[in-house]
Amino acid sequence: MPKPVRTAVFPVAGRGTRFLPATKAVPKEMLPVVDKPLIQYAVEEAIAAGAERLVFVTHSSKGAIQAHFEEHAELEEALADSGKQDILAAVQGVLPRQVSCDFVLQGDPLGLGHAVLCARDLVGDEPFFVHLPDDLILAKTGCLAQLRARYEQTGSSVIATEEVPREKTSSYGIAAVDADNAIEQIVEKPRPEDAPSNLGVVGRYLLTPAIFAELENTGRGSGGEIQLTDGIAALMAREKVYAMPFAGVRYDCGSKLGYLLANIDFALERDDLAGGLREHLGRL
Ligand code: G1P
């Protein structure tokens, strides 16, 4: 049985430029889909996959994320006093008691690989999840739980992937795989003419701790940043890394259209909202 995966890393230091001015004072990970912030979906997915330690790689300007996961005694008291039990349960349910949170600052925005490296001391010598909250996934079984099931079969790192349109390869890490889905090549944001396939990396990873040594030696790559994809390419020289086409629908909530579609589809999943929303969409 491979080592259990106990820790999830959330790189959340990015500026959220694409959603300005909405993200001038509010971190993009705090934007709600229906009535829950993106980061809350991320954390719930990680906990459902067995994570009990959450590591947020963050920026000093994004204190709202930490505040969201801290206890708010005064609010809870007020809700209890006014008999609002449902809302109180929702507030208390933000973080189950057995789950711990750590926050580490990513001083310089040097890229996703650098962000993951910032979590090294907190992760230790164990396999861990990386979750990019911008990629929201609607699925029966959470995507990280799907990755964990695959990892338990192989003991190897595994990355969620999906096919992307050829003309969009320059927005993704792109992987070429063999018949077993072992990754043979992985490239960050290649131009369509250079892409080894159209299999795009989605923001869910389960990585062995050997990735840290590779990231330490990873220089700047695409966009002048230290890329996680390049660290994974180096890891592949030592260990197998698998791709996993996950079951579910992914919404790129880093884009306005993806964010809007996520709000609609997640609302359609809700008994209290689906009827009214369907009526409105029908009228359109
Ligand atoms: C990051 C990764 C990329 C991956 C993508 C998924 O890019 O570097 O390999 O395909 O997330 O969302 P970003 O979107 O942060 O530029």
Side-chain angles (χ1 to χ4, degrees), residues 8-19 23 27-29 31 33 38-39 41-42 45 56-59 62 106 109-119 129-139 143-144 147 157-177 183 185-192 194-207 211 214-215 218-236 241-246 248-259 261-262:
V9 175
F10 305 92
V12 293
R15 249 193 216 294
T17 319
R18 282 193 282 175
F19 270 93
T23 48
K28 65 175 172 165
E29 295 80 8
L31 295 179
V33 168
L38 282 167
I39 193 67
Y41 288 94
E45 187 183 325
F56 300 86
V57 182
T58 185
H59 184 266
K62 299 180 86 173
Q106 183 182 12
L110 297 181
L112 180 58
H114 175 252
V116 171
L117 193 52
C118 289
F129 298 116
V130 176
H131 185 302
L132 310 187
D134 272 4
D135 278 341
L136 182 61
I137 296 178
L138 186 56
C143 189
L144 290 181
L147 290 184
S157 298
V158 52
I159 299 170
T161 54
E162 72 176 1
E163 291 192 9
V164 300
R166 259 278 162 190
E167 66 277 11
K168 296 248 170 86
T169 57
S170 60
S171 300
Y172 297 93
I174 299 289
V177 297
I183 302 180
Q185 199 189 345
I186 189 164
V187 194
E188 181 67 7
K189 303 198 170 94
R191 295 182 303 179
D194 301 326
S197 80
N198 68 334
L199 202 56
V201 172
V202 167
R204 301 289 186 281
Y205 309 76
L206 193 169
L207 299 168
I211 189 70
E214 304 306 336
L215 286 172
T218 300
R220 291 175 188 249
S222 167
E225 297 187 339
I226 298 173
Q227 296 291 350
L228 182 57
T229 299
D230 295 340
I232 292 168
L235 181 65
M236 280 159 42
V241 179
Y242 288 93
M244 194 195 73
F246 63 96
V249 182
R250 164 188 170 262
Y251 300 86
D252 174 9
C253 290
S255 85
K256 286 171 198 169
L257 184 60
Y259 177 70
L261 298 179

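Values below: all heavy atoms of this structure, side chains included; hydrogens, waters and symmetry mates excluded. Order of listing sets the numbers, starting from 1, for every ligand and every atom in it. We count residues from 1, following the sequence as given.
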ask   = Under 3.5 Å, is there a donor-acceptor pair between the Thr229 and Glu188 side chains?
value = yes

task = Collect the protein residues that have a non-hydrogen atom under 4.0 Å from ligand 1 and hand them over in chain and number order.
result = Leu112, Leu132, Asp135, Tyr172, Gly173, Glu188, Lys189, Val201, Gly203, Tyr205, Gln227, Thr229

message = Can you confirm whether Glu167 is buried at CD, in the sense that more than 12 heavy atoms of other residues, nucleotides or ligands lie under 6.0 Å from that atom?
response = yes

request  = If the plane angle is over 60° it's perpendicular, under 30° parallel, otherwise tilted; pick one for Phe56 and Phe10.
outcome  =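 Phe56 vs Phe10 ring planes: parallel.
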
query = Within the side chain of Tyr41, is there an N or O that forms a donor-acceptor pair under 3.5 Å with the backbone of Val33?
reply =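 Side chain of Tyr41 to backbone of Val33: a pair is present.
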
message = Salt bridge check, Glu225 against Arg220: does any charged N sit closer than 4.0 Å to a carboxylate O?
response =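 Between Glu225 and Arg220 there is no salt bridge, as every charged N stays at least 4.0 Å from the carboxylate O atoms.
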
query = What's the spacing between Leu144 CG and Ile137 CD1 if we round to 0.5 Å?
reply = 8.0 Å

